[in-house]
Amino acid sequence: RMIAELTKRICTSQYAPKFKLLQGDAIKTPFPFFDLCVANTPYQISSPLVFKLLSHRPQFRCAVLMFQREFAMRLVAKPGSELYCRLSVNVQLLARVSHLMKVSKNNFKPPPKVESSIVRMEPIYPPPDIDYREWDGLTRLCFSRKNKTLGAIFKKKNVIKMIEHNMAVLKQVQTDGADDIARMGEDDPTEANIQPQNKKGKKGKKGKAQDAEEEMNDEEEKGEQGGLKAKIRAILKESGFESKRSIKMDCDEFLALLSAFNSDGIHFKQLADQRSRLFACLG
């Protein structure tokens, strides 16, 4: 109905030669160049549409969009607000967002069950020159308990373990290229000698040596986790973030925190969600 109505109104107007209508799924259809965007957004695609717009290149000048009231309030929420969340900080990293007006459900026929709001988005130019996967991994950790201090979040065993695993994966990725070249000179593993097994399930000297090595590795792992925990605490303390809470931190503070971690060799890239809309097109 919208397509038919638009075509009917514009085809006989002075704007007809400049009018071009694209029909399709707004999330799947590539956007052409545009300067302004005005939309009554289907509420179920609010988040993916916002990040598709913000990842569009070249950047547009301004977008005026209508969303469900709660979603709109999260977009514009400021640090310290109960509605302030990952959505808030991710969008405000890339754009200046302001609330223009409320729209009552009584303005629609039939009236929906929710209230609406209109917001204005202006992309920040140029966009921050950062690794968005690092940003996504860090903010996911920080907002997992947004009311807790960063010191309390980063001393948890599961968080230390995730960061340690992430660092090991990154180290492996960095050395894969050199390892592949080195393996070219290795013998074919299918031609290697196979050691006979000991009878009656008894362990030989080699088996005992392997057990001892595994125990030593376990002890080393515990020591590494303790060292990493101390390192993270030192970074938070020196940068002044140990007692801060995510709910009260703005984009500049998160950028400073990310820089402090990265400069000391702590990375979060593998903790990011590969489906994240934030870096779907930006990463």
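- Interatomic distance, I247 CD1 to C142 SG, rounded to the nearest 0.5 Å: 13.0 Å.
- No donor-acceptor pair closer than 3.5 Å links the side chain of E242 to the backbone N or O of L236.
- The list of side-chain hydrogen bond (donor to acceptor under 3.5 Å, both in side chains) pairs with a residue in residues 23-41, not counting sequence neighbours, reads D35-R61.
- In this structure, D252 has no side chain to side chain donor-acceptor pair (under 3.5 Å) partners at least two apart in sequence or on a different chain.
- Applying the side chain to side chain donor-acceptor pair (under 3.5 Å) criterion to R145, with sequence neighbours excluded, gives no partner residue.
- Taking OG of S46 as the start and CG of L65 as the end, the distance is 9.0 Å to the nearest 0.5 Å.
- Side-chain contact between F60 and L36 is absent, with no heavy atoms from C-beta onward closer than 4.5 Å.
- Atom OG1 of T149 is separated from atom NZ of K155 by 7.5 Å, given to the nearest 0.5 angstrom.
- A donor-acceptor pair under 3.5 Å is formed between the side chain of S239 and the backbone N or O of I235.
- Taking E238 as the reference, nothing meets the side chain to side chain donor-acceptor pair (under 3.5 Å) condition, with sequence neighbours excluded.
- Using modelled atom types, one side-chain atom of Q92 and one backbone atom of A77 make a donor-acceptor pair closer than 3.5 Å.
- Looking only at side-chain heavy atoms (C-beta outward), L22 and P32 come within less than 4.5 Å of each other.
- Residues R57 and L54 approach most closely at NH1-O, 3.1 Å, considering heavy atoms.
- Here the closest non-hydrogen pair linking I153 and V159 is O-CG2, 3.4 Å.
- Both V119 and I45 sit in one connected hydrophobic cluster of ILVMFWY residues. Membership requires side-chain heavy atoms under 4.5 Å apart, directly or through other members.
- In the hydrophobic clustering, where aliphatic and aromatic side chains (Ile, Leu, Val, Met, Phe, Trp, Tyr) are joined below 4.5 Å either directly or transitively, Y125 stands alone.
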For this session: Go through L53 and C37 one step at a time and tell me if the side-chain contact (heavy atoms from CB on, under 4.5 Å) criterion holds.
Result: CA-CA 9 Å; L53 287 171; C37 175; 4.3 Å; yes
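- To the nearest 0.5 Å, the span separating CE on M121 from CG on L94 amounts to 9.5 Å.
- Note on L258 and I124: separate hydrophobic clusters, where clusters join Ile, Leu, Val, Met, Phe, Trp and Tyr whose side-chain heavy atoms are under 4.5 Å apart, directly or indirectly.
- Under the rule for a salt bridge (charged side-chain N to carboxylate O under 4.0 Å, His left out), the partners of K244 that lie at least two apart in sequence or sit in another chain are E253.
- For Q59, there are no side chain to side chain donor-acceptor pair (under 3.5 Å) partners, not counting sequence neighbours.
- The main-chain N or O of R96 is never found under 3.5 Å from a side-chain atom of E122 such that the two would form a donor-acceptor pair.
- Residue pairs meeting the ring-ring contact (aromatic ring centres under 6.0 Å, His included) criterion with at least one partner in residues 144-172, sequence neighbours excluded, are F154-F261.
- A 4.5 Å side-chain heavy-atom check between V91 and F51 finds at least one atom pair inside the cut-off.
- Checked by atom type and distance alone, the side chain of K146 never pairs as donor or acceptor with a backbone atom of S246 at under 3.5 Å.
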Exercise. Under the salt bridge (charged side-chain N to carboxylate O under 4.0 Å, His left out) criterion, do D264 and K231 qualify, and how do the steps go?
Worked result: CA-CA 9 Å; D264 259 337; K231 183 177 182 179; 5.5 Å; no
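- A donor-acceptor pair is defined here as one N or O able to donate and one able to accept, closer than 3.5 Å; such a pair exists between the side chain of N166 and the backbone of H267.
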For this session: Go through W135 and V89 one step at a time and tell me if the side-chain contact (heavy atoms from CB on, under 4.5 Å) criterion holds.
Result: CA-CA 10 Å; W135 171 273; V89 76; 3.9 Å; yes
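- Of the possible donor and acceptor atoms, none in the side chain of K237 sits under 3.5 Å from a partner among the backbone N and O of G151.
- Sorted by first then second residue, the side-chain hydrogen bond (donor to acceptor under 3.5 Å, both in side chains) pairs that include residues 67-85, not counting sequence neighbours, are R69-S117, E70-R74.
- The CZ atom of F67 lies 6.0 Å from the CG atom of L49; values are rounded to the nearest 0.5 Å.
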Exercise. Does the pair F34 and H56 meet the rule for a ring-ring contact (aromatic ring centres under 6.0 Å, His included), with working shown?
Worked result: CA-CA 10 Å; F34 65 93; H56 184 72; 4.8 Å; yes
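- When all heavy atoms of M73 and L83 are compared, the closest pair comes out as CB-CD1, 3.5 Å.
- L93 is listed as a side-chain neighbour of P128, based on a closest heavy-atom distance under 4.5 Å.
- With rounding to the nearest 0.5 angstrom, the CE atom of M162 is 10.5 Å from the NZ atom of K156.
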Exercise. Going through the checks in order, is the side-chain contact (heavy atoms from CB on, under 4.5 Å) test met by S116 and K105?
Worked result: CA-CA 7 Å; S116 302; K105 59 185 178 182; over 6 Å; no
For this session: Take I266 and M167 through the side-chain contact (heavy atoms from CB on, under 4.5 Å) test and state the conclusion after the steps.
Result: CA-CA 7 Å; I266 306 294; M167 293 173 67; 3.9 Å; yes
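- The hydrophobic cluster containing I118 also includes Y43, V64, M66, L100, M101, V103, F108, V114, under a criterion of side-chain heavy atoms closer than 4.5 Å among ILVMFWY residues, counted directly or through chains of members.
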When the side chains of residues 10-20 are checked against the rest of the protein, which donor-acceptor pairs come out under 3.5 Å, sequence neighbours left out?
{"from": "S13", "atom 1": "OG", "to": "I10", "atom 2": "O", "distance (Å)": "2.8"}
{"from": "S13", "atom 1": "OG", "to": "Y15", "atom 2": "N", "distance (Å)": "3.3"}

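- Pairs of residues two or more places apart, or lying in two chains, that qualify as ring-ring contact (aromatic ring centres under 6.0 Å, His included) and include a residue from residues 239-258 are F143-F254.
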